[in-house]
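It should be emphasised that the depicted structure is a prediction, and the values quoted were computed from it without experimental measurement.
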Amino acid sequence: MTKAVTKPVKLTQNFTTKSGIPITIGTGTGTKWQWLKKGRPEDQKDTLVTELVDQLLLALQNGYNHIDTAEVYTTHPEVAEAVKKSGIPREDLFITTKYSPGFRTFQALSKGPTDFIDTALKELQTDYVDLFLIHSPFFDEAVSRGQTLESSWAEVIEAKKAGKVREIGVSNYAKPHLEKIFKVAGSTEFYPKVNQIEFHPYLQNQSKDIVKFAQENDILIEAYGPLTPLFRIKKDGKDVEDHPLKPLLQELSEKYGKTDAQILLRYTLQKGILPITTSTKVERIKQSLEVYEFEITAEDVAKIDEVGASYPFRQFFDQEYKNL
Ligand SMILES: NC(=O)C1=CN([C@@H]2O[C@H](COP(=O)(O)OP(=O)(O)OC[C@H]3O[C@@H](n4cnc5c(N)ncnc54)[C@H](OP(=O)(O)O)[C@@H]3O)[C@@H](O)[C@H]2O)C=CC1
Ligand SMILES: O=C1Nc2ccccc2C1=O
């Protein structure tokens, strides 16, 4: 028998909706949705992607209260529609969006966080977001429209002071990036409260020592791609079927009577990290919230750590992280 756990693990309890409800793991609107939206014909660009609205509604109706979106996903209208359709009061939900400083050859869409947040609030049909992130630290003269790591953080702080955002944070930041923005912040009041990064057993630190450093500085790590070991492992462009976590996940699934996805999400939570995940399937959505109802032993968490560390795999930002 596994022990019942009635409360979310520590760190994540510090984050609540405006009305004071602890936030659940997040449901994402990026990855496949951003490509799907961008790939649509010109004459459909202004119509809602109903599959995404439906997926978000399913998540909200089944207990998620935390939605992750971003400027580059172009999914704000779908989020607004799902929130409206759900009938859930805005203050009982936690909505994150992210400003993009551009990426590789992709130009920043807005002039900066100040410009972006006003557009985001209109598109999301709300007067505040719960969490405002900078999507990546990879500012570049060619694409960032004059913004830098420092100038953008100063603007994020202004958005918080203006009451447009409740919490502020970053995504894909390594320790040197965080140290730079601590200087801009001056006091811990304006330090980032969240760093959203790729995290799963095969990538336990997106950049050197980032999880420990963030947690020591009271920064919540959010994990995107937490289910990567289940379906994304490739080598030389080909799917790898027999990577080392497979038998361990099967063993733990049997031991705890949970799916391998639930084991991975619970493992993430027990590392003090909040997963951002997504599924179109109602069963998986329900199962993903059951991760608050069981606990993995410390020995099994250590086993996942050890086996995961034997097979490094990075899905996102591979070029950027070569030297970080
Ligand atoms: N800040 C950043 O730079 C980034 C942020 N993100 C954010 O994180 C969110 C989540 O990222 P993502 O990588 O999609 O997260 P996950 O690792 O949770 O992967 C989600 C995928 O897993 C599949 N899945 C769900 N349950 C299972 C299961 N039991 N077995 C097998 N497959 C399963 C889903 O497919 P199905 O629908 O069929 O269930 C879905 O396509 C994004 O939407 C985005 O909001 C993502 C990447 C980068
Ligand atoms: O959701 C996302 N999918 C991505 C793929 C590449 C870089 C960033 C992202 C996201 O934020």
Side-chain angles (χ1 to χ4, degrees), residues 2 25-36 38-39 51-52 55 58-59 68 73 171-172 196-208 210-211 221-271 273-291 293-322 324:
T2 56
I25 62 178
T27 184
T29 64
T31 318
K32 77 169 192 187
W33 297 112
Q34 79 182 96
W35 309 130
L36 190 149
K38 284 177 193 147
E51 302 97 298
L52 174 55
Q55 175 187 295
L58 266 188
D68 185 77
Y73 304 166
S171 178
N172 300 302
Q196 184 182 107
I197 61 175
E198 180 178 351
F199 176 89
H200 44 77
Y202 289 147
L203 189 68
Q204 293 170 38
N205 272 291
Q206 185 189 43
S207 55
K208 193 168 182 303
I210 187 61
V211 172
I221 293 283
E222 289 185 350
Y224 65 76
L227 302 180
T228 290
L230 298 188
F231 67 102
R232 278 204 182 105
I233 308 305
K234 289 194 191 306
K235 203 166 193 182
D236 304 326
K238 290 200 184 105
D239 287 335
V240 176
E241 296 302 335
D242 58 351
H243 48 87
L245 267 177
K246 273 210 158 170
L248 177 59
L249 287 176
Q250 193 178 341
E251 178 196 319
L252 297 178
S253 289
E254 284 163 18
K255 174 173 174 183
Y256 292 97
K258 298 288 168 189
T259 67
D260 43 10
Q262 287 174 313
I263 299 288
L264 283 173
L265 295 173
R266 181 69 208 181
Y267 159 81
T268 309
L269 277 176
Q270 285 185 220
K271 304 290 288 184
I273 294 174
L274 185 65
I276 312 292
T277 182
T278 175
S279 178
T280 43
K281 304 185 173 69
V282 69
E283 264 326 295
R284 288 178 172 178
I285 288 173
K286 286 183 180 159
Q287 285 168 357
S288 63
L289 287 171
E290 288 166 11
V291 292
E293 293 162 16
F294 76 106
E295 192 168 20
I296 304 174
T297 64
E299 292 75 26
D300 287 337
V301 170
K303 266 193 210 165
I304 299 175
D305 279 344
E306 191 189 334
V307 173
S310 72
Y311 192 87
F313 179 85
R314 183 192 297 278
Q315 170 72 21
F316 299 91
F317 295 97
D318 51 332
Q319 293 174 33
E320 287 72 18
Y321 276 105
K322 274 196 184 110
L324 281 169

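- Counting heavy atoms from C-beta outward, Tyr256 and Thr297 have side chains that approach closer than 4.5 Å.
- No side-chain heavy atom of Thr259 sits less than 4.5 Å from a side-chain heavy atom of Arg284.
- The distance from atom CD of Glu251 to atom NZ of Lys303, rounded to the nearest 0.5 Å, is 4.5 Å.
- Considering CD of Gln55 and NZ of Lys281, their distance stands at 9.5 Å, rounded to 0.5 Å.
- With no hydrogens or angles considered, no side-chain donor-acceptor pair links Glu51 and Thr280 at under 3.5 Å.
- Ring geometry, Tyr202 versus His243: the interplanar angle exceeds 60°, so the pair is classed perpendicular (tilted spans 30 to 60°).
- Using a distance-only test at 3.5 Å, with no hydrogens or angles considered, no donor-acceptor pair links the side chain of Glu222 to the main chain of Ile276.
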CA sep, side-chain torsions, deciding dist, call: Ile263, Ile304, side-chain contact (heavy atoms from CB on, under 4.5 Å) | CA-CA 10 Å; Ile263 299 288; Ile304 299 175; 4.0 Å; yes
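- Heavy-atom contacts from other residues, nucleotides or ligands closer than 6.0 Å to NZ of Lys234 number more than 12.
- Between the Gln270 side chain and the Tyr267 main chain, no donor and acceptor come within less than 3.5 Å of each other.
- The minimum heavy-atom distance linking Ile285 with Ser279 is given by the pair CD1-O, 3.4 Å.
- Annotation for Phe313 and Arg232: closest pair CZ-O, 3.3 Å, computed over non-hydrogen atoms.
- Between the side chains of Gln315 and Glu198, not a single donor N or O lies within less than 3.5 Å of an accepting N or O.
- Using a 30° and 60° split on the angle between ring planes, Tyr224 and Phe316 fall in the perpendicular class, above 60°.
- Contact annotation: the side chain of His200 approaches that of Leu203 to within less than 4.5 Å [non-hydrogen atoms, C-beta and beyond].
- Heavy-atom minimum distance, Leu245 versus Gly308: CD2-N, 4.4 Å.
- Nearest heavy atom pair, residue Pro226 against residue Ala223, reads CD-O, 3.7 Å.
- Taken from CZ in Phe317 to OG in Ser171, the straight-line distance is 6.5 Å, to the nearest 0.5 Å.
- Under the rule for a side-chain hydrogen bond (donor to acceptor under 3.5 Å, both in side chains), the partners of Glu320 that lie at least two apart in sequence or sit in another chain are Arg104.
- Side-chain contact between Leu52 and Tyr73 is absent, with no heavy atoms from C-beta onward closer than 4.5 Å.
- The side-chain heavy atoms of Asp300 and Lys255, taken from C-beta on, include a pair separated by under 4.5 Å.
- Judged by the 6.0 Å distance and 45° axis criteria, Lys258 is positioned over the aromatic ring of Phe294.
- Counting heavy atoms from C-beta on, the side chains of Thr278 and Lys32 never come closer than 4.5 Å.
- Separation of atoms CD (Gln250) and CG (Leu252) is listed at 10.5 Å; rounding is to 0.5 Å.
- For Asn205 (side chain) and Val211 (main-chain N/O), a donor-acceptor pair under 3.5 Å exists by modelled atom type.
- The side-chain heavy atoms of Leu249 and Leu230, taken from C-beta on, include a pair separated by under 4.5 Å.
- Residue-environment remark: CD (Glu290) exceeds the threshold of 12 foreign heavy atoms within 6.0 Å.
- Looking at every heavy atom in both residues, Ile25 comes nearest to Ser288 through CD1-O, 3.4 Å.
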**Request:** Could you give me the CA-CA distance, side-chain angles and deciding distance for Leu269 and Leu274, then say whether side-chain contact (heavy atoms from CB on, under 4.5 Å) is met?
**Result:** CA-CA 6 Å; Leu269 277 176; Leu274 185 65; 4.2 Å; yes
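- Residues Leu265 and Leu227 are in side-chain contact: their nearest non-hydrogen atoms beyond the backbone lie under 4.5 Å apart.
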